[in-house]
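So the structure is just underneath, and the comments pick up after that.
By convention here, the first residue in the shown sequence is residue 1. Counting starts at 1 for both ligands and their atoms, following the listed order.
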Amino acid sequence: MRIASIVGARPQFIKLAPISQAIKELDNHLEHTIVHTGQHYDPSMSQAIFDGLQIPTPDFNLGVGSASHGAQTGEMIAGLEKILQQQRPDVVLVYGDTNSTLAGALAAVKIGIKVAHLESGLRSFNRQMPEEINRIAADHISDLLLAPTETAMGHLADEGLSGRSVLVGDVMTDVCFQVRDNILDGSPRVPNSSEYPAKYLLATLHRAENTDDPVLLRRWLQALQNLDRDVVLVAHPRLVAKAADAGIEIQCGAVRAIEPLPYHQLVATVLDSDGVITDSGGLQKEAFLLGKLCTTMRRETEWVETLDNSWNVLASQPSELQNLVNRPVPTAHRVPYYGSGDAAEKSVQLLRETFK
Ligand code: UD1
């Protein structure tokens with residue numbers, strides 16, 4: 001049986017790691033083809049993640065790169081169609097909510113190849129976000145919906161998709177716990193961390209809704225720079241590009257900017273931090289899994305379970321940041337909403353049973 005994974009952006013490479021490992025370990029009759037769309041191309045966003053998590057080198061790389069949404073997605077569909085026509089896998093697996101997810105699902109379904117969507121059923125209910133449209137479209141055209149949480153299962157049921165959905169848990173838990181355990185067992189931590197402030201909050205900021213408007217971007221960056229705590233900001237290329245276009249300095253005041261980190265270094269940096277400030281979906285969840293207080297620079301979150309007992313809170317505007325980051329750490333236990341670390345294995349087993 002042949003499975004083709006379509007990935008293109010950093011969070012997808014991270015989810016691919018436990019899936020490719022499970023495919024290898026579960027059954028040596030399973031063939032796995034990896035197609036990289038090229039959406040993320042900077043070495044720190046792509047190669048460093050593949051190397052750090054020992055993900056096999058992609059069999060194909062479309063090299064699509066940055067462009068408008070339509071051009072980027074269109075170019076991906078055309079490239080993927082050619083590869084899928086030639087490869088004819090039994091199922092195409094798409095991950096998460098990026099333009100690569102949508103392109104992969106559309107390219108496959110249009111030529112009659114079955115599609116499974118991993119991390120299915122997430123909803124922010126904000127249709128202005130490109131990711132929300134990508135998720136909804138991918139869920140409705142896929143044949144098998146692999147959901148990470150009960151909440152996600154509920155959303156799929158509300159949209160009439162129960163018949164195709166299965167709760168498998170979250171593959172991010174698999175990879176996050178594996179990497180955490182290696183770090184705690186003494187694997188090397190962050191190379192330059194001695195240059196970080198002794199106590200710091202870890203921040204990331206990259207979402208289109210926060211970075212595309214220069215006025216809002218300046219307000220978020222100033223709110224971070226004016227905090228009364230030191231901030232280590234891991235700067236996504238989108239942030240660097242948008243700040244440069246708007247003539248805004250990123251590193252200033254409380255903020256020390258660093259380049260994107262390989263995954264295990266990112267996890268080590270979270271573990272060493274006093275909390276997280278982010279607009280990333282993955283990092284909200286990693287903070288929760290690792291027991292760190294998180295403040296999310298958004299009006300809504302798909303990962304609503306992280307809001308339990310205020311482990312995560314939403315800062316809907318920059319002026320709220322200072323007070324929110326200084327709230328006390330909850331004493332309440334965190335419920336294991338995101339599974340126990342076997343989501344990849346369950347997902348691959350389901351693919352094998354459903355599409356053989
Ligand atoms: C994409 C996803 C987003 C995800 C994020 C994780 C979509 C619509 N968005 O956002 O859901 O949270 O990835 O990182 O798919 N750039 C580079 N080098 C790179 C990658 C990006 O310079 O390697 C810059 C370019 O200026 C580009 C901009 O980032 O124009 C946006 O990149 P794009 O891939 O369109 O989306 P992300 O913002 O990374």
Side-chain angles (χ1 to χ4, degrees), residues 6-16 36-51 53 58 61-77 79-80 94-107 117-120 122-124 126-139 172 175 203-214 216-217 220 233-246 248 250 257 259-263 266 276 278-286 296-298 300-303:
I6 314 255
V7 291
R10 181 174 54 179
Q12 296 168 325
F13 311 145
I14 298 168
K15 289 162 203 158
L16 170 64
H36 186 327
T37 62
Q39 179 172 355
H40 283 176
Y41 47 88
D42 280 2
S44 65
M45 300 288 286
S46 179
Q47 194 60 48
I49 304 288
F50 276 82
D51 292 347
L53 292 170
N61 189 323
L62 297 176
V64 167
S66 305
S68 68
H69 283 272
Q72 188 184 55
T73 313
E75 212 183 310
M76 287 176 194
I77 295 173
L80 288 168
V94 296
Y95 300 67
D97 58 15
T98 74
N99 291 340
S100 299
T101 316
L102 178 63
L106 270 174
H117 182 203
L118 186 82
E119 205 180 79
S120 171
L122 291 213
R123 298 291 180 267
S124 66
N126 174 357
R127 291 175 68 94
Q128 304 298 314
M129 291 176 74
E131 294 84 358
E132 183 75 352
I133 304 305
N134 292 341
R135 290 179 194 120
I136 295 172
D139 281 341
M172 291 291 289
V175 64
T204 73
L205 177 67
H206 80 281
R207 286 221 175 259
E209 68 259 34
N210 283 333
T211 55
D212 281 2
D213 171 6
L216 183 60
L217 174 60
W220 278 123
L233 190 153
V234 188
H236 187 288
R238 166 188 273 277
L239 172 68
V240 174
K242 295 288 174 179
D245 289 350
I248 307 169
I250 298 176
E259 303 229 327
L261 297 169
Y263 188 70
L266 191 273
V276 168
T278 191
D279 61 356
S280 147
L283 197 49
Q284 286 172 58
K285 217 169 26 185
E286 280 144 3
T296 295
M297 297 179 279
R298 287 181 53 196
E300 68 281 306
T301 178
E302 304 77 27
W303 301 106

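- Using modelled atom types, one side-chain atom of Q284 and one backbone atom of S280 make a donor-acceptor pair closer than 3.5 Å.
- With hydrogens and angles disregarded, a donor-acceptor distance shorter than 3.5 Å links the side chain of T101 to the backbone of Y95.
- Listed by number with element, the atoms of ligand 1 under 4.0 Å from a non-hydrogen atom of Q72 are 34 (O), 35 (O).
- Contact annotation for D97 and ligand 1: only side-chain heavy atoms (C-beta onward) come within less than 4.0 Å of the ligand.
- For ligand 1, the atoms closer than 4.0 angstrom to any heavy atom of P11 are 6 (C).
- Checked against a 3.5 angstrom limit, the closest N/O atoms of N134 and ligand 1 fall outside it.
- Residue contacts with ligand 1 for R238 involve both N, CA, C or O and side-chain atoms from C-beta outward (heavy atoms, distance under 4.0 Å).
- Counting the atoms of ligand 1 from 1 in the order shown, those under 4.0 Å from a heavy atom of S66 are 25 (C), 27 (C), 30 (O).
- Contacts between H40 and ligand 1, counted as non-hydrogen atom pairs separated by less than 4.0 Å, involve both the backbone and the side chain.
- By heavy-atom distance, the residue among H206, Q39, M45 lying nearest atom 5 (C) of ligand 1 is H206.
- One finds a salt bridge joining E119 and K15 here, because a Lys/Arg side-chain nitrogen approaches an Asp/Glu carboxylate oxygen to under 4.0 Å.
- Side-chain contact of E132 with N126: a donor-acceptor pair under 3.5 Å is absent, judged by distance alone.
- Between D97 and R123 no salt bridge is recorded (no basic side-chain N to carboxylate O distance below 4.0 Å).
- Contact atoms of ligand 1 toward H69: 8 (C) (distance under 4.0 Å to a heavy atom of the residue).
- Of all protein heavy atoms, the one lying nearest to atom 8 (C) of ligand 1 is N99 OD1, 3.5 Å.
- Here the CG atom belonging to D139 is positioned 8.0 Å from the CG atom belonging to L122, to the nearest 0.5 angstrom.
- Atom 3 (C) of ligand 1 has E131 OE2, 3.3 Å as its closest protein atom, hydrogens excluded (heavy atom only).
- Atom 29 (O) of ligand 1 is flagged as protein-proximal [any protein heavy atom, distance under 4.0 Å].
- A salt bridge is defined here as a Lys NZ or Arg NE, NH1 or NH2 lying under 4.0 Å from an Asp or Glu carboxylate O, and R238 with D212 meets this definition.
- Remark: the T98 side chain and the E131 side chain contain no N/O donor-acceptor pair separated by less than 3.5 Å.
- Looking only at heavy atoms of the protein, atom 2 (C) of ligand 1 is closest to T98 CG2, 3.8 Å.
- Between H36 and F13, the gap from one ring centroid to the other is short of 6.0 Å.
- Ranking the protein heavy atoms by distance from atom 26 (O) of ligand 1 puts A241 CB, 4.0 Å first.
- Judged purely by atom type and a 3.5 angstrom limit, R207 has no side-chain atom pairing as donor or acceptor with the backbone of E209.
- Among the atoms of R10, none of the N or O lies under 3.5 angstrom from an N or O of ligand 1.
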